[in-house]
Structures are given as structure tokens and as C-alpha cells.
Amino acid sequence: MTTQHASATPDLPLDMIIFGGTGDLSFRKLLPALYMAHLHCNLPPDTRILTIGRKPWSREEYINEFMEVKAKPFIEKKAFDATAWDKFLALFEYVRMDVDSVEDYHRLKEASREGVRRVFYLATSPDLFTHICDNLSAAALIDENSRVVLEKPLGHDLASAQEINTAVGKHFGEAQIYRIDHYLGKETVQNLMVLRFGNAIFGPLWQAPYIKRVQITVAEEVGVGSRAGFYDKTGALRDMVQNHLLQLLCIVAMEPPVSLNPDAVRDEKLKVLRSLRPMTPEDIARDTVRGQYTAGAVNGEPVKGYLEEDNVPANSRAETFVALRAHINNWRWANVPFYLRTGKRMQKKVSEIVIEFSELPFSIIPSGGRNYGNRLVIQLQPEESIQLQMLAKEPGSGMHMLPVNLNLDLQQAFTERRAEAYERLLIDVIRGRLTHFMRRDELEAAWAWAEPILEGWSKSGDKPRGYTAGTFGPAASTALMARENAVWAEESQ
Ligand code: BG6
């Protein structure tokens, strides 16, 4: 698939129109990100932000009751500047709308300017995407300068994702559609491309048999919080694996793209997704683990189990943890397992990619009976660092070796401010840069691989395994690794 690029009209005035403008994502992420973009002069000079909600607020009420009370606390204290904040608020308009009402779209049209770039940010449930786009089109709000941003999860399976993509595609060309996965906006994720394609030393080693295993972990300390209504229908596979973890896997596994052009990068990621070995029912039973947290303690604080959380049905089978072993059927990665793992209420917040290189075929230097391989550990959060685990001589007489880290602390190496993922991605949308967004075929290939796992789980009738909050997941996850005599990264430190 190639994307027909709309002619980039630079510096048009911008109307940023946010559906779901009073929702969680807006006040936690989008509005603080837009404030930061404004503070650093990254919004076009003539920008307006139109937020859409159902509450019958006036503009002043929206500012006082929403922006000041809900959004402001999510702005980093040291970045807050009262003058800039006031100027930022002056960009806002609140549009009360019922997204089902055709007349309301005409009111939106009156509120928005003509001859500007309209960016429609759909931060609503994906069930509404089709409907909103149809109505925007009927009210003649979409033109060749418009762009639409679609929040994840896009659909709940392949068929619903295809349906949404087709419906949105009736009104927007592929180059106008920004399917967001905020992991692609993280500094370290972008840096992974530079690590791989800017450094010659890794090139020849980045394949089987020199790499014997890859681990990708996204562990969170938080529980489901107030999002049970969404999360219970979604679960960790749809919420995290189908998008964030598979995108990380793509960047680790893709072939060098011919350039950083959006289609060049996305073509290579697509090939990885299409090379993922489909999981049979036997693979699912053997190579996947799903879990659900039970009461425990995180950071010394007692926390509830998932089933005790507000709005979670007592018999819920939603998984809050997934670990699985995936394989990529191509020349570079044949027989190299990719272990993916994510969970809520885990022992600590950490997102990292660990590349385990193969051990020496034969060692002449004693290593205390252990066979160490080199490991490259790319930590995305909470710290941004890259460590290369090497073997060095243990000081003293005799020749013994022990692992030590070559440690690149990216926060120390680059002291400049780092934009948050949403800020960076919003600026990309405004400037028309599609590289860090998912193309339709990519998204659908990710669903095509993930969906059989969901079906397999539902057919098996098994419940997710319980794991105590504050641990690294069910024992079966450790066992998944132990089968090939391996351990998850935290157990080898
Ligand atoms: C979101 C998920 O996409 O990513 C959340 O819906 C999850 O459930 C969040 O908590 C994690 O993002 P981050 O940037 O905090 O790792």
C-alpha cells in the first residue's frame, strides 16, 4: 500500500477540533501536550482549539471547570508559566455537541473557520468514529487540508478495524489519517531506529544466529483505576500487545527501510507483522500466559485485586497481564523467540527491550560456571538508557570474567528538554509527518495476528491466572521462559 500524499500546504492557520474534549485522555495528555507545544512556539501562529463535549457549558465554564481544574494539574510544575497559560486559554472555544445530531455539526461548522487546516482529533470510543466522520462530511467540514487523528484501540478485532478504516477512508485519504500509537512518539522508541540504523557495529549482528532471544516488557505499577468500563471489555492483549508491544517488536525486527519516508518505514514494519507466525490452538495453550491481579501491595502500599476494583464484574475474565512467545518467519529471525510481556499492578514500572546475543561457542576464560552472553538492554522508561552488557576481567590475580555494563544514560548525554510522546506526535500531525503513525494495512496485519489468540482464549474456557499485585505476573510466565532455560530480565540482574 502506498500513501498518496496530499500537497503539504505549509503554515495554514489551524483549527484543532477535539472530539472527547472533556474526557480523560484530553485532560491528562492532549491538552497538556498542546500547552507545551504552545509554550515552545510549535503551534502555527493562528491556531484555535475547539473542544467538543456534551456538557452544556459556556466557554467560561469550560475554562474554569475543566481547563483550570482538570487539565492544569497535569502540566509539569516547572513548565507552567501563567502568562503563557492565559494566552493558551485564549485559543480555546468550547462547542457543546451531541455527536448524533446532524444540526450540531452545522454549529461546529459555524464555530470553525474557512480556509484553515482542520485537524479532527477523535479521542472518543472507536464505535463513534464512523458516525463522526460521516457527519463531518455531510456538514462539508472536511476538505483536502483536513486531517484526522484516530486514537487506539482502533476496533476490537480485525473485522471492526476494517469497518472503521473503510468508513473513515470514504472521507479522508490515507495521507490525511493519523492512527496514533503513542509509543511511537517516545524519544527512546525513535532512538531505537537510530541505534539500529545509525550505528554500523550492530548491523551484521542483528539477526539469527547472533541474537538468540528478544524480550520486550512493558510493566506498569498502576491498576485499572477509573477505566474499568473500557478496560474490562478490552484486556491487556487489545490494550497493549496488539499495538504498543507489536510496534516495538516491528522496530526491533524490521529490515533497514530505504529512507525515513513514511511509506518506506511502514512497508518494512508491515513485512514484520505479516511474517509473524500465526498461533495455532496448541501454540496458544503452550506459548501464552494471561493473568489477572489479585490483592497485594505495590511500593509497600496495599492495593485491591482486579475483581474488587470499581465497576469490574465479579466474574470478569479480562486479562491484566499477558506474556507470550512469538516467532517471525523470515530469514533474519528464523528460530529466534520474541518474548512479549505486559501487565498492570506489576512490581515496578519499566518498559524495556532486551536483546540477548548468543553465547560464545567455547570459552577459554572461566566465568564461575555461568555461560554469559552479551545483552543489549534498551530501557524506554522510567529512565531512558541503553546498556550493553559485556564481559570484563575480574580484578585480581588469575583470569576470571564477570558481566559489566557499558552504560549510556540518555538523560545525561542530552540535557535538552524532551517532549512527551503526545506533544511530539501532535506536532507531527500539524506538520504532516506520517512516519510515526500506523498505516491501515499495518494495523490490520496486527489484528490478524492477535485475533486468533483472543479466540483461542475464549474457546479454551480457562480463566486468567491470578497473580499477586506487586509481582512480575503469574508463575506460568516464569515457566514460559524456564522451558528454554532462560529468565526474564529482572531475574538475571
Ligand atoms: C495506553 C493504555 O495506551 O498506554 C493504558 O490504554 C496504559 O492502559 C498506557 O496504561 C501506558 O502508557 P505509558 O506511556 O504510561 O507507558
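Atoms within each ligand, like the ligands themselves, are counted from 1 in listed order.
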Novice: Distance-only check: which donor-acceptor pairs under 3.5 Å involve side-chain atoms of residues 443-450, not counting sequence neighbours?
Specialist:
{"unit_1": "E444", "atom_1": "OE2", "unit_2": "N165", "atom_2": "ND2", "d": "2.9"}
{"unit_1": "E444", "atom_1": "OE2", "unit_2": "R440", "atom_2": "NE", "d": "2.8"}
{"unit_1": "E444", "atom_1": "OE2", "unit_2": "R440", "atom_2": "NH2", "d": "3.3"}
{"unit_1": "W447", "atom_1": "NE1", "unit_2": "L154", "atom_2": "O", "d": "3.0"}
{"unit_1": "W449", "atom_1": "NE1", "unit_2": "R277", "atom_2": "O", "d": "3.0"}

Novice: Determine the interplanar angle of the W488 and Y339 rings, folded into 0 to 90°, and report it as parallel if under 30°, tilted if 30 to 60°, perpendicular if over 60°.
Specialist: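 Correct class here is perpendicular.
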Novice: Using heavy-atom distances, let me know which of H182, K349, E220 sits nearest atom 15 (O) of ligand 1.
Specialist: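 Among H182, K349, E220, the closest heavy atom to atom 15 (O) of ligand 1 comes from K349.
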Novice: What part of E420, side chain, backbone, both or neither, has a heavy atom within less than 4.0 angstrom of ligand 1?
Specialist: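 Looking at E420 and ligand 1, no heavy atom falls under 4.0 Å.
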Novice: With a heavy-atom distance limit of 4.0 Å, tell me whether Y183 approaches ligand 1 through its side chain, its backbone, both, or neither.
Specialist: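 The answer is the side chain of Y183.
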Novice: Counting each atom of ligand 1 from 1 as listed, which ones have a heavy atom of K152 under 4.0 Å away?
Specialist: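 Within the 4.0 Å cut-off of K152, ligand 1 contributes 1 (C), 2 (C), 3 (O), 6 (O).
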Novice: For D239, counting its heavy atoms only, list the atoms of ligand 1 lying under 4.0 Å from any of them.
Specialist: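 Matching atoms, with element in brackets: 2 (C), 5 (C), 6 (O), 8 (O).
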Novice: Would K70 and F66 count as a cation-pi pair here, with the cationic atom under 6.0 angstrom from the ring centre and within 45° of the axis?
Specialist: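 Not satisfied by the 6.0 Å and 45° rule.
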Novice: Return a table of donor-acceptor pairs under 3.5 angstrom between the side chains of residues 406-415 and protein atoms on other chains or two or more places apart.
Specialist:
{"unit_1": "D409", "atom_1": "OD1", "unit_2": "Q411", "atom_2": "N", "d": "2.9"}
{"unit_1": "D409", "atom_1": "OD1", "unit_2": "Q412", "atom_2": "N", "d": "3.1"}
{"unit_1": "Q411", "atom_1": "OE1", "unit_2": "E384", "atom_2": "N", "d": "3.2"}

Novice: Hey, is D232 close enough to R227 for a salt bridge, meaning N to O under 4.0 Å?
Specialist: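 Salt bridge flag = no for R227 with D232.
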Novice: Which option wins on minimum heavy-atom distance to atom 14 (O) of ligand 1: K186, Q381, K344?
Specialist: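 Among K186, Q381, K344, the closest heavy atom to atom 14 (O) of ligand 1 belongs to K186.
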